[in-house]
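So that the names make sense, note that chain A is the first sequence line, chain B the second, and so on, each numbered from 1. Below, each value reflects all heavy atoms present in this structure, side chains not excepted, and no hydrogens, waters or symmetry copies.
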Amino acid sequence: MPELPEVEVVRRGLEPLVLQRQIARISASGLPLRRPVPLAELRRWGEGARVTGVSRRAKYLLLHLDNSALLIFHLGMTGKFYPAVADDPPRKHDHLVLHLNDHANDGHGGRGASGQKVAQIRFNDCRRFGLVAVCAPAETTAPALLAGLGPEPLDDKAFTPAYLAQRCAHRRTPIKNLLMDNRVVVGIGNIYANEVLFAAGVHPQTPAGEISRARLKKICAAAREILTRAIAAGGTTIADFANAAGESGYFQVQLAVYGRGGQPCPRCGREIVRQVQAGRATYFCPRCQRPPKVISKNKEQKSGK
DNA sequence: AAGATGGCCTGAAAGC
DNA sequence: TGCTTTCAGGCCATCT
């Protein structure tokens, strides 16, 4: 389940494999991902171009090309990149292949471990929740996919307690839903939303507008700390990435509440509660994360009937 | 209009 | 043992 930390880890793993390499050819499975793969457009702008950068925005991976085009990838739930050489048998659920050219003057020849000239980067996505898109060079405005995205949670100039307070003001939506809204802040998925709220001691159903400034400050700090720690932990998988899809290190991250329904809270020992909120599994400690008053009242009313 | 809900998709695991 | 059901979740369309 790639959230911001894993996407960043993938970016770091991908960068040395494609930087300054020329894309010779692009092929696709033909199956649609979250939306159809724009193969003709990918070929038009991608083939023959050289990769000048690999960046990340939210959970999107961006391949910058020397013709100013942009290849945009989203891993969805199960998307992964893996390097291969031409002889490697295709794997089930390979949906896009970037065939890379050797470079005469790039200093290291771009040879894979096997020494074969043409390497490939394959995008494999079993559940097809991923996405591939192209932004043509002429498009001067930000790609539609990236327009309207909120700030990066690790950007301490943009994602501040003041900013979060402004976005929470007068909102009755539960804070967990708001943290997972990428118009408010990007990269925080279900797992990290649970973890951040536990660390900040805030009940996931608390209406966003009712949270004190002090708690919002804690939420900001917790998001930053947990995501940073997760990237560091995932960093150990970069070596794995070069061999295969490598997800192993991701789970080394210590998760305090996510997936621990019925287990004791690591802080107070009380049983972690699992409930479904906005259609997502939500975990919290009922002692460390006090429920908002409104919820308690509703419960009393219901049980009173 | 803000907030809630369902669909997309596959495979692992649980349930019967 | 073998089938069916459930669940995972980012994103978006659709509904209230």
Side-chain angles (χ1 to χ4, degrees), chain A residues 1-11 28-38 56-62 72-81 90-96 123-133 142-150 152-153 166-197 204-211 223 227 230 245 247-248 250-251 253 255 257-262 273-284 292 294-295 298:
Chain A
M1 301 162 225
E3 299 193 27
L4 186 149
E6 201 185 30
V7 177
E8 177 58 27
V9 169
V10 169
R11 189 199 70 75
S29 69
L31 287 174
L33 303 180
R34 202 163 79 215
R35 55 174 78 170
V37 173
R56 178 189 60 76
R57 174 73 175 106
K59 294 172 188 166
Y60 293 97
L61 278 168
L62 310 175
I72 304 175
F73 296 89
H74 193 292
L75 301 177
M77 279 291 295
T78 52
K80 45 201 68 135
F81 288 99
R91 296 185 194 173
K92 202 175 176 184
H93 310 302
D94 282 350
H95 292 297
L96 194 84
F123 181 72
N124 182 286
D125 185 7
C126 145
R127 288 183 204 171
R128 293 198 271 134
F129 274 23
L131 180 146
V132 182
L145 282 170
L146 307 181
L149 290 176
E152 292 284 329
Q166 178 236 318
R167 297 304 301 258
C168 286
H170 314 301
R171 294 286 302 273
R172 302 223 19 95
T173 197
I175 182 65
K176 176 169 178 257
N177 305 17
L178 189 126
L179 285 179
M180 292 174 65
D181 183 343
N182 64 17
R183 292 166 299 183
V184 175
V185 60
V186 300
I188 300 181
N190 193 41
I191 294 173
Y192 289 105
N194 280 295
E195 293 296 311
V196 165
L197 290 174
Q205 282 193 315
T206 314
E210 288 178 15
I211 300 173
L227 294 173
E247 286 180 299
S248 48
Y250 183 73
F251 296 101
V253 182
L255 298 176
V257 288
Y258 181 82
R260 295 184 182 275
V273 171
R274 176 192 189 275
Q275 67 183 24
V276 175
Q277 182 178 326
R280 298 285 170 255
T282 303
Y283 300 88
F284 63 96
V294 183
I295 306 285
N298 286 347

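A close approach under 4.0 Å does occur between a side-chain nitrogen or oxygen of A:His93 and OP1 or OP2 of B:dG11. At the phosphate of B:dG3, OP1 or OP2 sits under 4.0 Å from a side-chain N or O atom of A:Arg171. Within the structure, a side-chain polar atom (N or O) of A:His74 is placed less than 4.0 Å from OP1 or OP2 of C:dC11. Between A:Asn190 and the phosphate of C:dG10, there is no side-chain N or O to OP1/OP2 separation shorter than 4.0 Å. Side-chain nitrogen and oxygen atoms of A:Thr78 include none within less than 4.0 Å of the OP1 or OP2 phosphate oxygen of B:dT10. For B:dT10, the OP1/OP2 oxygens have no side-chain nitrogen or oxygen of A:Lys92 closer than 4.0 Å.
Nearest-nucleotide positions on DNA chain C place A:Val276 closer to the 5' end than the other of A:Val276 and A:Leu131.
Considering only side-chain atoms of A:Arg128, the nucleotide from B:dG11, B:dC9, B:dA4 that sits closest is B:dC9. Relative to the side chain of A:Arg172, the nucleotides B:dG3, C:dA8, C:dC12 differ in distance, and B:dG3 lies closest.
Residues A:Lys176 and A:Asn190 have side chains that bring a donor and an acceptor to within less than 3.5 angstrom of each other.
A:Tyr60 places a side-chain heavy atom less than 4.5 Å from the side chain of A:Leu146.
Judged by distance alone, with hydrogens and angles left aside, A:Arg127 brings a side-chain donor or acceptor within reach of the base of C:dA8, the pair sitting under 3.5 Å.
Between A:Pro204 and A:Pro174, the shortest heavy-atom contact is O-CB, 3.5 Å. Scanning both residues, A:Asn194 and A:Val257, for their nearest heavy atoms gives O-CG2, 3.7 Å.
No contact: A:Asp125 has no heavy atom under 4.0 Å from any strand. No contact: A:Arg167 has no heavy atom under 4.0 Å from any strand. As judged by a 4.0 angstrom heavy-atom cut-off over every strand, A:Pro174 is placed among residues touching the sugar-phosphate backbone only.
Across the protein-nucleic acid pair, A:Asp181 atom CG and C:dC12 atom C1' stand 12 Å apart, rounded to whole Å.
When the local axes at the two ends of the helix from B:dA2-C:dT16 to B:dC16-C:dG2 are compared, using 5 base pairs at each end, they differ in direction by 60° after rounding to 10°.
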Could you run down the sub-3.5 Å N/O contacts of the protein with nucleotides 5-7 of chain B?
none

Find every protein N or O atom lying less than 3.5 Å from an N or O atom of nucleotides 14-16 of chain C, and list the pairs.
none

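Relative ring orientation between A:Phe81 and A:Phe123 is described as tilted, the plane-to-plane angle lying within the 30° to 60° band.
Applying the side chain to side chain contact (heavy atoms under 4.5 Å, CB included) test between A:Phe73 and each of A:Val7, A:Leu96, A:Val10 identifies A:Leu96 as the sole match.
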